[in-house]
Number of protein chains: 2
Amino acid sequence: MKTTTPPLESCCAPDDERVDLRPVEGDDADEELASLSKAIGHPARVKILRILVRRNSCICGDIVDELPLAQSTVSQHLKVLKDAGLIRGDVDGPRVCYCIEPRSLRRLKALIGGL
Amino acid sequence: MKTTTPPLESCCAPDDERVDLRPVEGDDADEELASLSKAIGHPARVKILRILVRRNSCICGDIVDELPLAQSTVSQHLKVLKDAGLIRGDVDGPRVCYCIEPRSLRRLKALIGGL
DNA sequence: GCATCTTATCGTTCTTCGTCGATGAAGACG
DNA sequence: CGTCTTCATCGACGAAGAACGATAAGATGC
């Protein structure tokens with residue numbers, strides 16, 4: 001049985017909770033930490049992350065309404081976060097549903113904690 | 001040339017261990033997190049931080065010897081970290097002794113943890 | 001004094017970032 | 001079919017970043 005349009009279901013896959021075994025030091029870790037940090041090195045992107053964390057139900061372009069930026073600019077910031085692996089965007093009809101990638105966020109916390 | 005490390009005098013003040021009561025959310029926290037993250041958003045600066053954390057005894061320009069970068073470039077990176085408040089540089093005769101600012105590092109961890 | 005050592009800063013060049021408006025692509029809905 | 005709506009991408013432009021060599025500033029030592 002198929003409903004025509006599921007209202008706002010969780011497009012975000014559940015967190016797999018797997019433990020990350022990669023080291024938190026060394027050249028690779030340095031590059032990774034720098035890359036992740038650069039991605040959140042802008043206030044707008046921090047705000048986007050917070051929005052997505054707050055509503056664990058994932059959100060499409062309502063983010064644009066919450067930020068004082070043009071739609072294209074927000075889209076650029078979303079791309080930066082997505083390229084860094086911090087968020088994911090799933091196409092849902094004409095919209096795109098963004099959600100955080102819990103594994104990457106945990107990885108970032110581990111790397112920062114390793115300092 | 002290469003001179004040995006001067007006698008270990010602690011230029012770094014001992015960690016005051018004070019608890020930071022500022023919130024980890026809100027516009028100010030967003031700006032602060034973005035600013036700190038941008039500062040460590042470069043592999044060379046991550047390496048510098050690690051060097052300073054590893055030797056809790058503070059280090060001057062030996063950092064230059066550990067990085068494959070020109071002295072002026074390393075100085076620039078040190079300035080970025082210092083402007084962000086993550087490190088401190090105390091003049092010690094003809095040299096400058098850099099050390100991490102534990103409070104800022106703790107603050108960064110708290111902000112990241114607040115995500 | 002002068003020479004030396006260490007670090008910061010200046011000036012330059014090149015690249016990347018941030019922002020916007022405009023345009024394009026893909027579905028949804030008449 | 002056409003028309004919205006939603007979002008990504010393009011092009012442009014100014015601002016900021018990253019790297020270097022050269023130079024200046026400040027302390028030490030002769």
Side-chain angles (χ1 to χ4, degrees), chain A residues 2-9 11 30-31 34-49 51-52 58-84 86-99, chain B residues 1-7 9 11 30-31 34-49 51-52 58-84 86-99:
Chain A
K2 227 167 110 96
T3 59
T4 54
T5 345
L8 261 184
E9 303 262 335
C11 78
D30 291 350
E31 295 277 349
S35 171
L36 290 171
S37 298
K38 187 159 66 170
I40 62 179
H42 192 286
R45 293 197 285 269
V46 172
K47 289 185 195 307
I48 290 175
L49 275 187
I51 291 171
L52 293 178
C58 32
I59 281 296
C60 31
D62 301 342
I63 303 167
V64 176
D65 298 334
E66 296 216 27
L67 296 176
L69 293 171
Q71 178 265 325
S72 57
T73 305
V74 174
S75 192
Q76 280 284 99
H77 286 307
L78 287 168
K79 178 172 166 50
V80 173
L81 289 171
K82 198 169 65 177
D83 289 347
L86 283 166
I87 67 175
R88 198 158 44 91
D90 293 327
V91 178
D92 175 30
R95 328 179 177 235
V96 176
C97 181
Y98 284 100
C99 47
Chain B
M1 304 308 179
K2 206 141 184 180
T3 58
T4 53
T5 316
E9 38 181 294
C11 79
D30 291 349
E31 295 278 349
S35 171
L36 290 171
S37 298
K38 188 160 65 170
I40 62 178
H42 192 287
R45 293 197 285 268
V46 172
K47 288 185 196 306
I48 292 174
L49 275 187
I51 291 170
L52 294 178
C58 32
I59 281 296
C60 33
D62 301 342
I63 302 167
V64 176
D65 299 334
E66 295 215 29
L67 296 176
L69 293 170
Q71 177 265 327
S72 57
T73 305
V74 174
S75 192
Q76 280 282 101
H77 284 307
L78 288 168
K79 178 174 163 51
V80 172
L81 289 171
K82 197 170 65 176
D83 288 348
L86 282 166
I87 67 175
R88 198 159 45 92
D90 293 327
V91 177
D92 173 31
R95 328 175 180 239
V96 176
C97 181
Y98 284 99
C99 49

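All values derive from a computational prediction rather than experimental measurement. Heavy atoms only: backbone and side chains are in, while hydrogens, waters and symmetry mates are out. Reminder, nothing fancy here: chain letters follow the sequence lines and each chain counts from 1.
- Among the nucleotides C:dA22, C:dT7, C:dT9, the one closest to any side-chain atom of A:Ser72 is C:dA22.
- OP1 or OP2 of D:dC20 lies within a sub-4.0 Å distance of a side-chain N or O belonging to B:Thr73.
- Residues B:Val80 and B:Leu86 form no side-chain contact, since every pair of their non-hydrogen atoms from C-beta on lies 4.5 Å or further apart.
- Rounded to whole Å, the distance from CD1 on A:Ile40 to P on C:dG18 is 13 Å.
- The CG-C1' distance, from A:Asp83 to D:dT9, rounds to 13 Å in whole Å.
- For A:Gln71, the listed nucleotide lying nearest its side chain is D:dA8; candidates were D:dA8, D:dA19, C:dA8.
- Across all strands shown, B:Lys38 has heavy atoms under 4.0 Å from sugar-phosphate atoms exclusively, and none from any base.
- Residues A:His77 and A:Leu69 meet the side-chain proximity criterion, which asks for heavy atoms closer than 4.5 Å.
- Remark: A:His42 is not in phosphate contact with C:dT16, judged by side-chain N or O atoms under 4.0 Å from OP1 or OP2.
- OP1 or OP2 of D:dA19 has at least one side-chain nitrogen or oxygen of B:His77 nearer than 4.0 Å.
- Note that CZ of B:Arg88 is 11.0 Å distant from NZ of B:Lys82, once rounded to the nearest 0.5 Å.
- Summarising the geometry, the separation between NZ on B:Lys79 and P on C:dC10 is reported as 9 Å, rounded to the nearest angstrom.
- Here A:Gln76 lies in heavy-atom contact (under 4.0 Å) with a base.
- Rounded to an integer number of Å, the gap from A:Lys82 NZ to D:dA8 P is 6 Å.
- Comparing atom distances between the B:Leu69 side chain and each of C:dA8, D:dA19, D:dA8 picks out D:dA19 as nearest.
- Note: CG (A:Asp90) to C1' (D:dT6) measures 16 Å, nearest angstrom.
- Put simply, the side chain of A:Ile63 reaches to within 4.5 Å of the side chain of A:Leu52, judged on heavy atoms.
- In this structure, the nucleotide among D:dC7, D:dG21, D:dA18 sitting nearest to the side chain of B:Arg45 is D:dA18.
- The side-chain heavy atoms of A:Lys79 and A:Ser75, taken from C-beta on, include no pair separated by under 4.5 Å.
- The distance between atom CD1 of A:Ile87 and atom C1' of D:dC7, rounded to the nearest whole Å, is 13 Å.
- Atom C1' of nucleotide D:dT6 and atom CD1 of A:Ile59 are separated by 14 Å, given to the nearest angstrom.
- Atoms CG (A:Asp92) and P (C:dA26) sit 17 Å apart, rounded to a whole Å.
- Side chain of A:Pro94, nearest nucleotide from D:dT5, D:dC7, D:dT9: D:dT5.
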